[in-house]
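Beneath this line is the structure, given in structure tokens, with notes to follow.
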Amino acid sequence: MCRGVTLRGEGRLSAIPAIRSLIAHTRNGGAPVTVTEQFATREAARRAPATQATATDAAAQPRPAGPGPLAVLADAGLEVPVLGGRFVRHVNLDVAASAPALEVVAQQVTRVLPYYASVHRGSGYPSQLSTSLVEDARLAVARHVGARDDDLVIFTRNTTDALNLLAGAVPGDTVVLDLEHHANLLPWRSRRLVEGRATIAATLEALDAELARTPAALLSVTGASNVTGEVLPIDRLAEIAHARGARIAVDAAQLLPHRRVDVAASGIDYLAFSGHKAYAPFGAGALVGRSDWLDAAPAYLAGGGAVDAVRADGVDWKHGVERHEAGTPNVIGAVALARALAELDRLGDDARHDHEQALTLRLHEGLAAQQGVRVLSGFGDGLGDRLGIATIELERGSVGLLAAALGAEHGISVRAGRFCAHPFFERTATRANGLRASLGAGSSADDVDRFLDALATLIADGPAHAYDRSPEGWCPRVDDRPRPDFALA
């Protein structure tokens, strides 16, 4: 949170009223209420059904009823403070960056924590149980993504970690598109960049031509853009890569939490994804794929567990997953990831798709009706299949200020910037930064409506409070929002 910011800045959406007086939080009797008490009184209500929006005074046009949350997340019913001393139900439209834990995941972690111990070679019951939990999680990941019987499932920290691991194993050039997240642009040691064309069809032709021009070892592509939500045809991309003698890696950080990904059926050679985007934010991700390149590559980390023997004059490295999982693994992260994937299975592919598509349509229709807003798109034919992501730019004004006001005044979390996809953003945007709203299994029609109403109010009238621009971004000049006592200073 912004604290103690005194820098001055310009670029407000419109004229901003004078700073409101700092409101003291008091009990009925007048005694000060501590921050801990303020948050504690609301904790019991966090699991209650979502209440109607109160953070905006916008006179919105009535909208038809829409879907509620598909799944229960750990932040369900969370109330957050807004400027002026009120609390409102939090609207989380930043799940493309990191998603809250599913409630069943949080419960599983709580059950497992007492048994946590270091894995492998421990003689105690907790150690043996923790070892089983990690290996069972490995099997669960393999089942969920449709891995081949001989594929490796290597636990990593996240997608970035997984792709950096793979980059050290690629025996040749890697071809990528300009629409990739930096995690799929920067790791490759010998990279050839193909600029996306006006349509997905033309982009596939350009990729095929590049692979035909000069052979490459790997084609690495995102499953879905983290900027626009547009989904790429993975099956067709795999066919193109294999026909030109290349393998294909898929960055599924965005795609996997929303859609079924089947490694074997789609012809994917390597799949990378993160738990923190798949409702398991406990520090684990995975790289799933063929073993030969990985067994031939140097160990990703040099350390205990990755070796068969160490001598004064040499090392015998292991093969398989252990070769690249040196050190104590993230047991809790692996358990959380496996439980999250199991819950996505239980929810069902059709239910997840229908829920997201209904909310995505509601979001995009609302944005299309909003004056002064442009929705980014990478492809003229890409909007037929997209995730619940929308990135907008303003005709005038600062999206950074807009994002700050959405959070500070309306309790709505979004993200402003270029989203670690600078080449793609520069090709598709006309302004320096954009504002992204993203949906997930815990999102509802009320969340979308709250966002659309607050957006309309802020664009029309500007923020109700004064903000200053600092190196951290836009911050309220006077921030009276309390912090719970477990927040670090």
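Start at 1 with the first residue, then count along the sequence. Not measured: the values here are computed from a predicted model.
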When every non-hydrogen atom of V95 is compared with those of S438, the smallest separation belongs to N-OG, 3.1 Å
Got a donor-acceptor contact below 3.5 angstrom from the D94 side chain to the S413 backbone? no
Are Y300 and D161 linked by a side-chain donor-acceptor pair shorter than 3.5 Å? yes
Can you tell me if Y270 and R247 form a side-chain donor-acceptor pair at under 3.5 Å? yes
Side chains of Q254 and S225: is there a donor and an acceptor less than 3.5 Å apart? no
In terms of side-chain heavy atoms, does Y279 have a donor or acceptor partner in E103 at a distance below 3.5 Å? no
Output yes when a side-chain donor or acceptor of H324 lies under 3.5 Å from a complementary backbone atom of L294, and no otherwise. yes
May I ask you to decide if the ring planes of F419 and F425 are parallel, tilted or perpendicular, using 30° and 60° as cut-offs? perpendicular
Using a strict 4.0 Å threshold on nitrogen-to-oxygen distance, state whether R450 and D447 make a salt bridge. no
Quick check against the 3.5 Å criterion: does D151 have a side-chain atom that pairs as donor or acceptor with the backbone of R148? yes
What I want to check is whether the side chains of T228 and S377 have a donor and an acceptor closer together than 3.5 Å. no
Have H242 and D269 got a donor and an acceptor in their side chains that come within less than 3.5 Å? yes
Are side-chain N/O atoms of E356 and H258 paired as donor and acceptor at under 3.5 Å? yes
